[in-house]
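Working notes for the structure below.
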Amino acid sequence: MSHRKLSMAEAINEALRHEMRRNPDITLLGQDIGPYGGTFGVYRGLYDEFGAERVTDGPVAEAATTGFGIGLAMAGMPTVVEIEFIDFITLASDAIVNQAAKMRFTMGGQVSVPLVVRTPIVNRLGLGAQHSQSLEAWFMHIPGLRVVVPSNAADAKGLMLTALRDGNPVLYIEHVRLYGAKGEVPEADEPIPFGRLRVAREGRHVTLATYSGMVRPCLEAAEELAAEGVDCEVLDLRTLAPLDREGLVNSVIKTGRLVVAHEASKTGGAGAEIAQSAQEGAFDFLEAPILRVAAADHPAPMGTLQDFAFPNKDNVIAAVREVMA
Amino acid sequence: MSHRKLSMAEAINEALRHEMRRNPDITLLGQDIGPYGGTFGVYRGLYDEFGAERVTDGPVAEAATTGFGIGLAMAGMPTVVEIEFIDFITLASDAIVNQAAKMRFTMGGQVSVPLVVRTPIVNRLGLGAQHSQSLEAWFMHIPGLRVVVPSNAADAKGLMLTALRDGNPVLYIEHVRLYGAKGEVPEADEPIPFGRLRVAREGRHVTLATYSGMVRPCLEAAEELAAEGVDCEVLDLRTLAPLDREGLVNSVIKTGRLVVAHEASKTGGAGAEIAQSAQEGAFDFLEAPILRVAAADHPAPMGTLQDFAFPNKDNVIAAVREVMA
Amino acid sequence: MSKKSQIPVETLLAWYHKMSCIRAFENHAIGSFREGLFQGTTHPCICQEAIAVGCAAALEPTDQVFATYRGHGHALAKGLEMKAVMSELLCKQDGCCKGRGGSMHLCDVSKDFWGTNAILAAHIPIAAGMALANKKRKNSRVTVAYLGEGATSEGAFLETLHMAALWKIPLVIVCENNGYAISVPAHIGKSVEDVCQHAEGFGLAGMKVDGNDPLLVHEAMQTAVALARRGDGATLLECKTVRWERHSAISAGKYEDEEEAMKWKTADPIPRFEKRLVGEFGVDAAKLRKLEALAQKEADDALAFAKASPVPDPKTVGDFLFA
Amino acid sequence: MSKKSQIPVETLLAWYHKMSCIRAFENHAIGSFREGLFQGTTHPCICQEAIAVGCAAALEPTDQVFATYRGHGHALAKGLEMKAVMSELLCKQDGCCKGRGGSMHLCDVSKDFWGTNAILAAHIPIAAGMALANKKRKNSRVTVAYLGEGATSEGAFLETLHMAALWKIPLVIVCENNGYAISVPAHIGKSVEDVCQHAEGFGLAGMKVDGNDPLLVHEAMQTAVALARRGDGATLLECKTVRWERHSAISAGKYEDEEEAMKWKTADPIPRFEKRLVGEFGVDAAKLRKLEALAQKEADDALAFAKASPVPDPKTVGDFLFA
Ligand SMILES: Cc1ncc(C[n+]2csc(CCOP(=O)(O)OP(=O)(O)O)c2C)c(N)n1
Ligand SMILES: Cc1ncc(C[n+]2csc(CCOP(=O)(O)OP(=O)(O)O)c2C)c(N)n1
Ligand SMILES: [Mg+2]
Ligand SMILES: [Mg+2]
């Protein structure tokens with residue numbers, strides 16, 4: 001089947017629509033997801049097609065809404081709950097961590113929780129400290145959850161299809177700066193399995209492991225570094241839980257060097273786990289320390305200061321030069 | 001001044017009492033902290049001495065109670081909020097993460113938030129998956145917070161004194177299995193600064209970096225390993241934020257080997273940050289991969305299965321043997 | 001008060017038997033905890049059995065129930081076998097959750113008992129979600145969720161009251177107001193005398209009832225369930241009751257004075273029910289003794305069964321994580 | 001209705017001026033955002049100025065105020081300088097938060113304006129904690145917290161209503177019910193017509209008032225503040241109002257139809273107030289034009305000042321993290 005160019009928002013929308021047509025039990029809950037089509041337009045047209053019964057705007061009550069989603073999911077109705085910004089997931093964290101993630105295990109396998117929590121990372125848009133975080137590391141740390149972090153339209157579609165069929169609680173983390181980015185997306189029903197990274201660029205000298213909003217800056221850095229004769233392999237991890245440790249370690253064994261990049265604050269971020277996993281698996285092959293490129297360890301400021309708080313292509317280049325030195 | 005043997009619960013109690021006598025503005029909020037003296041007895045006698053005005057039992061409403069604590073703290077009344085089990089901190093996480101941690105930064109330094117959130121880790125006590133977690137990694141990842149993880153009575157007292165005077169939001173994480181452990185505690189007012197690890201045992205061959213409930217198993221492992229001729233240096237990190245990277249790196253430079261141990265689940269735990277920090281700082285001196293000893297990546301089961309989910313002395317010994325091999 | 005004539009005496013005797021089963025079960029739970037047969041603690045519903053039995057009697061087998069750590073009675077009233085529940089308390093392979101859950105995490109989906117929860121009020125929106133699924137499916141099933149009065153201060157409960165009112169879902173929330181949240185008496189922890197008052201603020205139906213009389217509980221529950229089943233929305237039903245002598249089998253939440261600790265003895269729903277059965281329904285007390293003895297034997301058997309059940313295989317420790 | 005005689009006309013003219021200032025400020029906020037002078041978005045309180053001014057007029061300077069992202073008007077009404085607030089919107093060094101906070105995070109502790117918040121309802125328990133501090137200190141100060149009707153569905157708000165009722169704290173929560181939460185109309189998002197009904201369920205005082213008449217708002221607020229100040233506890237005061245043509249200066253939360261979007265024009269509190277001032281208080285309309293012109297000039301000056309203010313030094317990006 002053919003491919004068309006879709007934006008990431010359109011690709012997610014297509015996956016939702018496709019699966020909602022196949023599975024009449026799927027329900028979407030959130031705020032501004034109905035006639036309005038979602039704060040960032042991801043739900044466009046779904047309300048018109050499926051109605052308020054299945055695309056349901058509700059009160060601003062993240063904790064209970066997520067709980068409702070769990071109940072629907074346990075009843076066999078896969079449910080997508082939207083948290084408008086990942087910063088607000090604190091409010092849903094009890095439902096996700098103490099309920100959704102533990103339900104099946106604690107009940108000895110009697111229940112399953114096909115819940116997808118969709119939420120975007122929103123940074124560098126001038127919305128301030130309470131609207132700029134990347135909290136994926138929290139959920140990577142909680143057994144029983146899937147954590148999905150697509151960086152492009154095709155992956156977004158394929159991973160959403162998997163999320164909707166997985167039968168387990170999935171935190172599906174989008175990124176506002178990526179919504180508009182267009183890419184080839186298969187029309188076909190091609191779910192992408194969780195736990196398999198994508199080699200976004202092959203290379204021999206250094207591995208760049210990244211995901212979501214930092215994939216593009218890493219690819220751009222790789223292009224610039226190629227001009228200097230440094231050949232970077234860029235890994236788009238695609239899911240943080242499960243983490244494709246094997247793919248990561250194999251790449252590092254090949255290159256001997258690793259830089260990990262993400263937009264979350266550095267200390268305690270997913271980068272620590274990624275780096276340490278590579279170190280555990282590829283220690284004997286490492287020719288330089290593993291470095292991390294990440295946001296500064298303070299809240300996001302506003303205005304012009306933002307540029308000094310978040311990582312960019314140049315920070316990646318600097319880190320690569322350091323490990324190549 | 002003299003030292004006496006106190007349990008960790010008594011040491012924390014002593015620090016609270018001492019500081020509440022010095023500073024009449026300090027208020028304690030929580031559930032079961034009044035006449036009952038705290039779920040694990042930490043508050044014993046404080047209600048009798050300071051009354052319901054300052055030792056206030058309230059509704060079971062962790063989110064709002066923590067918010068109240070922030071408001072009191074901003075008004076200049078340092079406040080200690082108890083979360084009965086660290087598992088329930090999900091409910092207070094918005095107040096801690098999006099409010100307390102960001103308030104001062106966002107307001108350009110106009111406010112300070114002298115809030116201490118006290119909460120115990122409770123595991124292997126047969127209370128199940130919702131009462132067995134170690135969520136310290138979450139808060140280590142949030143800029144603007146202090147994360148304190150004492151392992152013994154003396155540290156608990158000195159760190160609590162610092163917490164109550166620090167003027168910043170502090171997550172003070174206790175451990176139920178340590179409450180009863182007795183140790184020498186100075187009578188004097190001797191606050192222990194944040195960000196300085198304690199060398200619990202000096203050694204030459206391998207560094208064990210740990211905190212809270214794993215300090216004792218690591219010390220026991222070190223004793224057993226000494227008999228095999230392996231000389232372990234045991235570091236009690238005492239605070240995870242700030243993390244004493246310098247002390248850690250210096251030890252690893254000396255020994256060339258590192259095992260990190262904690263009771264949180266392995267993936268995305270504080271151990272990843274500790275290991276990666278050591279790797280960044282001591283790469284050239286590492287003679288073996290850094291290994292982690294941690295809880296399994298699934299929720300805590302009940303009964304006899306618990307022993308197979310949480311780490312113990314033997315797991316530490318096995319890891320040390322592996323890095324020494 | 002109760003529609004005496006409509007309920008056959010046989011049914012009432014079955015209630016009495018079930019209440020006795022729960023009591024015998026809980027006494028064994030406490031005893032076996034204290035004997036060291038399991039770790040942690042256990043939260044008896046002693047003195048609250050009339051709520052479990054009176055409410056359950058108003059339900060269809062396919063109605064769904066969610067409860068709390070103080071939910072052994074609700075599990076048994078919903079039809080779980082004592083053997084499976086006691087084995088779960090002892091964390092054995094034959095437990096209803098295969099020994100993974102223990103005293104605070106009971107579940108049997110085949111009986112539409114969807115689990116007990118140890119995070120206060122967290123199950124309330126989940127139950128509401130299941131009620132919403134019922135509404136979507138137009139299956140006439142009603143979802144019931146129990147919680148204590150202490151838990152009614154939690155945001156998850158309050159948010160759900162609002163959403164339940166807004167969406168008119170077939171849900172009955174039963175608040176067992178036993179006057180205490182661990183050590184904190186309700187007058188310290190709650191702003192209102194009657195927790196069901198919270199419902200009014202959201203435009204939701206609220207009711208209260210003497211929770212230590214199964215006939216009264218049953219009648220109130222029937223009303224609430226009927227409302228839900230016919231599509232007229234959710235109810236918060238408050239059952240006034242009294243807690244057993246402490247919060248759980250360890251000393252936690254012991255009362256200040258002995259008198260308070262023993263208050264449950266005068267409120268005990270079992271002798272109260274006996275009085276009504278004998279006085280109003282002409283039941284021979286000897287029959288009740290027999291039912292009690294039967295209940296005791298069943299509980300004894302359950303305990304023996306649970307003791308004999310094997311512990312789970314350590315190799316399975318990580319099982320059931322993902323579907 | 002309002003105690004016309006008790007408020008000097010000069011005071012009412014000052015209110016009119018303040019409302020005009022807020023309007024002029026918000027128009028500049030929208031304009032400068034659209035011009036690209038700052039990023040993100042901005043949430044105007046256009047058509048809600050009567051609430052800001054009527055409420056603030058009922059407060060002492062030492063009463064503490066907390067508000068939301070839609071809180072520019074509350075900041076100005078509490079005495080913050082337009083220059084400092086506009087500089088903050090433009091993320092400049094002279095901003096009231098030194099340019100770290102931006103449009104959604106305004107604060108001036110010296111004016112007892114304790115900040116605007118961008119997490120719905122999260123500031124409500126914080127304000128309540130400050131009210132509790134007032135009570136402990138017996139300082140007769142009252143704490144006020146504003147929020148929208150959408151945010152009243154959040155657990156943090158509902159838990160706080162309960163605790164405020166239980167602890168009888170000197171708190172006034174003002175709900176600005178403008179009928180929308182971004183795109184969701186109140187009848188879709190709320191189970192009750194009057195949000196103040198939530199208060200009843202907790203035994204808390206609830207009141208509602210026409211929020212587009214500063215005299216009525218002021219009167220209601222005076223009652224609530226007086227209750228709080230004399231130790232009679234907290235109030236939830238609902239002010240019925242109408243939102244400006246969208247949720248924020250980007251298209252977010254545009255109304256479905258043009259008619260709805262322009263509804264605010266007929267509800268606009270400024271001409272409504274003019275009518276009362278001219279009709280009931282004998283004010284010359286020309287005087288009002290002058291006050292408007294003055295307000296416009298002040299807003300113009302503030303914008304010019306903000307534009308000229310330097311951006312913060314990049315070296316200071318990590319400042320103010322810890323005390
Ligand atoms: C979110 C949360 N907070 C606190 C606790 C600790 N806790 C367990 S039981 C309990 C008291 C609950 O009282 P109530 O709701 O009245 O139920 P009861 O035990 O009386 O049946 C508390 C505070 C918990 N399990 N979950
Ligand atoms: C906890 C949280 N959830 C969601 C949002 C996103 N959000 C911002 S404003 C808003 C609508 C709020 O409506 P309302 O409370 O009525 O205030 P208004 O904007 O109408 O003044 C929403 C949902 C948020 N900022 N915080
Ligand atoms: Mg109770
Ligand atoms: Mg609104």
Side-chain angles (χ1 to χ4, degrees), chain A residues 62-63 87-99 101-102 105-106 128-130 133 135 137-144 240-241 243 260 264-277 279-284 286 288-292 295-302, chain B residues 62-63 87-99 101-102 105-106 128-130 133 135 137-144 240-241 243 260 264-277 279-284 286 288-292 295-302:
Chain A
E62 288 82 358
D87 306 75
F88 318 151
I89 207 159
T90 49
L91 295 164
S93 65
D94 191 72
I96 297 171
V97 168
N98 284 325
Q99 303 300 326
K102 295 179 175 48
F105 181 90
T106 311
Q130 294 172 335
Q133 294 166 91
L135 295 174
W138 277 24
F139 299 94
M140 190 182 185
H141 184 42
I142 303 298
L240 294 175
L243 179 64
V260 185
S265 55
K266 187 190 252 183
T267 297
E273 178 61 45
I274 297 163
Q276 172 60 10
S277 293
Q279 194 268 157
E280 284 169 16
F283 179 79
D284 290 336
L286 282 176
I290 300 169
L291 295 186
R292 292 178 286 174
D297 282 327
H298 57 70
M302 286 289 295
Chain B
E62 288 82 359
D87 306 75
F88 316 152
I89 208 157
T90 47
L91 296 164
S93 66
D94 191 71
I96 296 171
V97 167
N98 283 325
Q99 302 300 326
K102 295 179 173 49
F105 181 90
T106 312
Q130 294 172 335
Q133 293 165 93
L135 295 174
W138 277 24
F139 300 94
M140 190 182 185
H141 185 42
I142 303 299
L240 293 175
L243 179 64
V260 186
S265 55
K266 186 189 252 184
T267 297
E273 178 61 45
I274 296 163
Q276 171 61 8
S277 293
Q279 194 267 157
E280 284 169 16
F283 179 79
D284 289 336
L286 282 176
I290 301 170
L291 294 186
R292 291 178 286 174
D297 282 327
H298 57 69
M302 286 289 295

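Order of the sequence lines fixes the chain letters, A, B, ..., with proteins taken first and strands second; residue numbering starts at 1 for each chain.
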Sequence-distant partners of F88(B), ring pair (Phe, Tyr, Trp, His ring centres under 6.0 Å), two or more places apart: F85(B), H131(B)

Minimum side-chain heavy-atom gap K102(B)-P299(A) below 4.5 Å: yes

Partner chain A: residue of L243(B), T267(B), L291(B) with the largest heavy-atom pair count (under 4.5 Å): T267(B)

Heavy-atom pairs under 4.5 Å with chain A, option from G128(B), P301(B), A296(B), G144(B) with the top count: P301(B)

Chain A contacts, top residue of L91(B), I89(B), L240(B), I274(B) (heavy-atom pairs, under 4.5 Å): L91(B)

Which of I290(A), I96(A), T106(A) touches chain B most, by non-hydrogen pairs under 4.5 Å: I290(A)

Under 4.5 Å from a heavy atom of chain A, the part of A300(B) involved: backbone

Contact winner vs chain A - A270(B), G281(B), G268(B), S277(B), heavy-atom pairs under 4.5 Å: G268(B)

Contacts of D94(B) that satisfy side chain to side chain donor-acceptor pair (under 3.5 Å) - sequence neighbours left out: T90(A), N98(B)

Contacting moiety of A101(A), where chain B heavy atoms sit under 4.5 Å: backbone

Worked check of side chain to side chain donor-acceptor pair (under 3.5 Å) between Q279(A) and Q276(A): CA-CA 5 Å; Q279(A) 194 268 157; Q276(A) 172 60 10; 3.0 Å; yes

Top contributor to chain A contacts, counting heavy-atom pairs under 4.5 Å, from H298(B), M302(B), R292(B): R292(B)

Validation row: V97(B), F139(B) side chains within 4.5 angstrom (heavy atoms): yes

Any donor-acceptor N or O pair under 3.5 Å, side chains Q130(A), D87(A): no

